[in-house]
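Here is how names work: the chains are called A, B, and so on, in the same order as the sequence lines, proteins then strands, and each is numbered from 1.
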Amino acid sequence: MIISDDIEFDLLLEAIWRKYGYDFRNYARASLRRRMEAFLVKTSLASFSHLQYRMLRDPVFFERSLDEISVQTTEMFRDASFFAALRNEVLPILQTYPSLNIWHAGCSTGDEVYSLAIMLMEAGLYERSTIYATDINPVVLQTALEAVYPLVKIKEMTKAYQQAGGILPFSNYYTCKDDKARLNPEIKSNIVFSTHNLATDEAFIDAQLVICRNVLIYFDRDLQDRAVSLMTRSLSHRGFLCLGSKESTGFLKAKVHLDVFNKDAKIYRKL
Amino acid sequence: MAENDKDPKQRIIVIGASTGGFEALNLILVGLKDALSATLIVCQHIDKSARLNYSMIFRELSGFHLHEVEDKQRIMPGNIYFAPPGYHLYVESDGYFGLSLDALVNWSRPSIDVLFESAARAYDRNVVGLLLTGANSDGVQGIREIKRLGGVTIAQDPLTALAPTMPKMAIETGCVDHIAKIQDVAALLVRLINREQISCIGAL
């Protein structure tokens, strides 16, 4: 027997798509459903049908709930080995370009974008770089733009920076006020934050480097294929694509346009 | 359309373990040498920065293929899959794995509840859920869900667990079908695997 919850869940996704244009229908179902269920509990709504009713009639409520449905995990220098590969193998090649376009897709609250900016600064590449940092959710982009962190988080960032091979004092990159730390404005200077939806929007850039880590895991295979194909189209000849450490192009049709540059670091290169 | 009309699903064994888990798993896996067609999916609590060499940890297991799951990997018999450190592991109903970096569940990522609940929904009666040693309550809700959707549930006998809390709490829910000493778990699994319809088990 088909469980009623499943039908209600499908209808909810359909309603969101038709009303607001956010297409979650090809998201990885189990994790999306778990987030939605947690949201049901939080809002004391009895079922997906109740949630659908509320969302259809209350756009403000929908906008707030987008925060819960989309995922906001980002960390500075997550996966030290990836950043080491980026620093030691990719940046020396990018060094040869007079100017660099970089697309960071699914940047969330920006921690990883800032990690990238810091690494580019240290490699002497930042001045000629423009980073387009995009996310589906405008609220997280606002948080990213502020770049203010509680001190306890700065501690973690410092550790991650050092583990990823950072050699300067991390305190060079922020100033403290009260119990908050603010990243220095020059780190933000060449970053353009903007909304972009990998499920529905198109390519907008010709980039030498596209970073999209731990975003594809939230998509099913069809949507992964769409996203990787879109990102590949956004790459210039021999441009680099970086995925998350448990993601790969191995299961996707789009892999025919890419070759593996560093298997363990999940760095690919456009053919 | 009835669920039964779909292609019959392979049976999967989902295993949750925390403190003392690797030792317990070693004992079980060695005992499964004669059941190499099994599909085992393991959520072992582990620090997110851990880099594990599974073939070093489970040296006796020449017959099984061990994997740390990659996103959208297909679930295949004869394999043992481990949740990667720092990620939640989900079973999807189309027979693939999913991963997420969603918030911790029961202070854990990977979380046993996440694996168990998704497995129960995707594979309903074709799930065997096994909860091993551990010092917290992760997996207890998952055991409930597996039982509710028709799967078979097993808890390690807490007296044989390095950390008894987790299996003990599972047993207290009343949703556990079998309580097995750690040295008997493998034999029980072999008996369950070898039944054509695990959902039709009578008295064991």
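- The aromatic ring centres of A/Phe61 and A/Phe39 sit less than 6.0 Å apart.
- Summarising the local packing, NE2 of A/His50 is surrounded by 12 or fewer heavy atoms from other residues, nucleotides or ligands at distances under 6.0 Å.
- With a 4.5 angstrom heavy-atom cutoff, A/Asp5 does not touch chain B via any of its atoms.
- Ranking A/Arg29, A/Glu247, A/Arg221 against chain B, the residue ahead of the rest is A/Arg221, based on heavy-atom pairs under 4.5 Å.
- In this structure, chain A has a heavy atom under 4.5 Å from the side chain of B/Glu68, while its backbone stays farther away.
- Contacts from residues 109-119 of chain B to chain A, taken as heavy-atom pairs separated by less than 4.5 Å, involve B/Arg109, B/Asp113, B/Val114, B/Glu117, B/Ser118 in sequence order.
- Ring-plane geometry between B/His67 and B/His65 is classed as tilted, the angle between the planes lying from 30 to 60 degrees on a 0 to 90 degree scale.
- Taking the centre of each ring, A/Tyr268 and A/Phe240 stay at or above the 6.0 Å mark.
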B/Leu40 and B/Leu32: CA distance, side-chain angles, deciding distance, side-chain contact (heavy atoms from CB on, under 4.5 Å) verdict = CA-CA 10 Å; B/Leu40 283 83; B/Leu32 284 181; 3.6 Å; yes

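- If you measure heavy-atom distances from A/Leu216 to chain B, the contacts under 4.5 Å come from the backbone alone.
- Residues satisfying the ring-ring contact (aromatic ring centres under 6.0 Å, His included) test with B/Tyr87, not counting sequence neighbours, are none.
- For A/Gln224 and B/Asp71, the side-chain atoms include at least one donor-acceptor pair closer than 3.5 Å.
- With a 4.5 angstrom heavy-atom cutoff, B/Glu70 touches chain A via backbone and side-chain atoms both.
- For a residue to count as touching a neighbouring chain, one of its non-hydrogen atoms must lie under 4.5 Å from one of that chain's; by this rule A/Gln163 does not touch chain B.
- Aromatic pair A/Phe48/A/Phe9: centroids less than 6.0 angstrom apart.
- Separation of the A/Phe251 and B/Tyr96 ring centroids does not fall under the 6.0 Å cut-off.
- Ranked by heavy-atom pairs under 4.5 Å with chain A, the list B/Leu99, B/Asp102, B/Val105 is led by B/Asp102.
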